[in-house]
Novice: 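Below is the structure I would like to discuss, written out as structure tokens.
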2 protein chains.
Amino acid sequence: MNTSTEHDQTSKQSAAVESLSTARRIVGESIGDLMGFWNFKPSMGRVWTCLYLSPRPMTAAEIVEETGLSVGSVSMTLQDLRAWSVVRDSGRDGSRRCFEAETDVVRMVTHVFRERELRLVQNTIEKLEEAVKLLDHHGRTSSASQMLESRFVVTRARRLLDLSKAGHTLIDRFSRVGRFDIGAIRDKLSLRR
Amino acid sequence: MNTSTEHDQTSKQSAAVESLSTARRIVGESIGDLMGFWNFKPSMGRVWTCLYLSPRPMTAAEIVEETGLSVGSVSMTLQDLRAWSVVRDSGRDGSRRCFEAETDVVRMVTHVFRERELRLVQNTIEKLEEAVKLLDHHGRTSSASQMLESRFVVTRARRLLDLSKAGHTLIDRFSRVGRFDIGAIRDKLSLRR
DNA sequence: GTATTGTTTCAATCTGTATTGAAAACAGAC
DNA sequence: GTCTGTTTTCAATACAGATTGAAACAATAC
């Protein structure tokens with residue numbers, strides 16, 4: 001089962017093996033970096049790519065071998081990846097669990113995007129609502145000298161809140177329909193300062 | 001010019017000042033975290049929000065005062081923010097430079113999104129092209145026993161490359177037109193494994 | 001010109017997070 | 001039930017990258 005280290009007698013063959021694993025490494029790094037910019041851990045990129053480039057499901061031990069990550073790290077990373085539905089269980093090889101990569105990359109990306117961004121923006125919305133509430137109260141109790149300042153801040157804070165809500169709607173629609181159109185929510189975005 | 005620490009005699013007033021600065025802090029944190037998920041440094045979020053919530057342009061010294069960041073940090077952060085066209089120079093107050101926040105948040109977001117994502121994806125495309133080239137060569141020189149493995153890996157790598165290119169097109173169109181429609185590039189995305 | 005004030009740079013430090021390694025928990029065979 | 005091989009957990013470590021603070025640099029005033 002150890003596909004790459006069995007028979008590499010001739011120099012030609014070993015060079016070929018070399019370039020295959022180099023290519024694997026480059027692909028892993030590229031996708032790893034890309035995922036990294038969407039705040040995934042590098043190890044998630046490495047492990048997913050490793051599975052994606054394997055013609056058959058792999059055991060945790062094989063992934064350790066291939067990626068050079070520690071046993072513990074691979075275990076945790078696989079949990080993360082399964083939680084994002086980006087890796088699936090795939091039966092067993094003897095007593096060892098096997099894993100395979102989700103191959104529908106588009107579905108994967110929209111799903112992950114949806115979960116992550118919606119949660120994030122929702123969280124922002126809640127915090128901003130808290131701030132606006134405070135500011136409203138402040139506006140009613142503040143002295144005349146602070147009025148101007150106060151009104152300005154509350155206006156800007158409300159605007160950020162509206163934008164966040166618009167963003168939430170946008171992300172929600174996009175991740176359902178695969179279409180992301182700023183025109184559809186232009187009213188919320190209109191630039192009344 | 002030090003708006004928040006001048007006259008806070010009565011307890012009512014000082015409570016009001018308190019809630020104003022609390023609200024400011026909450027807004028700063030929220031937006032900071034949000035920007036953080038798009039890989040901006042926390043200090044960038046803090047400084048931008050600080051400017052956005054100010055009714056007039058601010059000097060670096062005022063920003064230091066308001067955010068509690070160090071002088072050096074504020075200077076570097078302002079450079080970053082100007083590089084992203086998210087903060088503008090705004091004349092001078094005596095001999096001190098002044099800065100103001102870009103207020104067209106939508107323009108700002110699409111611009112930043114465009115720059116960042118396009119660069120990122122372009123970089124991935126280049127790396128994947130390198131890997132595919134290696135794999136093609138490998139395919140031609142490898143032994144029969146490796147053929148299957150090799151063909152599989154190259155197929156998958158090509159698919160990732162195609163997807164990246166599709167993504168690049170998508171981001172490019174979106175950031176020009178404000179419309180992001182997966183249907184428009186469905187051909188590239190079709191799931192021929 | 002020099003002095004003074006404001007701004008940028010950069011090596012050192014600090015902080016938050018990913019990864020490790022070893023121990024604990026678990027599952028299946030016997 | 002115990003034993004063996006596998007998987008998970010978690011405190012300690014290592015790392016990356018953000019922030020600081022002091023020194024170099026620029027600009028303005030005198």
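Atoms considered below: every heavy atom in the structure, side chains included; atoms not considered: hydrogens, waters and symmetry mates. Within every chain, numbering begins at 1; the chains are lettered A, B, ... in the order of the sequence lines, protein sequences first and strands thereafter. What you are looking at is a predicted structure, and each value in this text was computed from that prediction instead of being measured.
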Novice: Once you round to the nearest 0.5 Å, how far does CD of Glu149(B) lie from CD of Gln146(B)?
Specialist: 7.5 Å

Novice: Which residues pass the side chain to side chain contact (heavy atoms under 4.5 Å, CB included) test with Val112(A), sequence neighbours left out?
Specialist: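 Phe40(A), Trp84(A), Val86(A), Arg116(A).
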
Novice: Among residues 76-84 of chain A, which ones have heavy-atom contacts with DNA chain C below 4.0 Å?
Specialist: Met76(A)

Novice: Is Ser70(B) close enough to dT19(D) that one of its side-chain N or O atoms is under 4.0 Å from OP1 or OP2 there?
Specialist: no

Novice: Round to the nearest Å and state the distance from Arg46(B) atom CZ to dA18(D) atom P.
Specialist: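 Rounding to the nearest Å, CZ of Arg46(B) and P of dA18(D) are 14 Å apart.
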
Novice: For residues 100-121 of chain A, which residue pairs qualify under ring pair (Phe, Tyr, Trp, His ring centres under 6.0 Å), counting only residues two or more places apart or in two chains?
Specialist: Trp38(A)-Phe113(A), Phe113(A)-Phe174(A)

Novice: Considering only heavy atoms of chain A and a distance under 4.0 Å, specify the first and last nucleotide of DNA chain C in 5' to 3' order that meet this criterion.
Specialist: dA18(C) to dG21(C)

Novice: Atom CE of Met58(A) and atom P of dT6(D): how far apart are they, to the nearest Å?
Specialist: 16 Å

Novice: When we call it a touch if two heavy atoms are under 4.0 Å apart, what does Ser75(B) touch: a base, just sugar-phosphate, or nothing?
Specialist: base

Novice: Within residues 29-40 of chain B, which residues have any heavy atom lying less than 4.0 Å from an atom of DNA chain C?
Specialist: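 Here the set is empty: none.
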
Novice: Tell me, please, which residues at least two apart from Arg176(B) pass salt bridge (Lys or Arg N to Asp or Glu O under 4.0 Å).
Specialist: Asp172(B)

Novice: With a 4.0 Å limit, can you tell me whether Arg97(A) has a side-chain N or O closer than that to the phosphate oxygens OP1/OP2 of dG5(D)?
Specialist: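 So the side-chain polar atoms of Arg97(A) never come under 4.0 Å of the phosphate oxygens OP1 or OP2 of dG5(D).
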
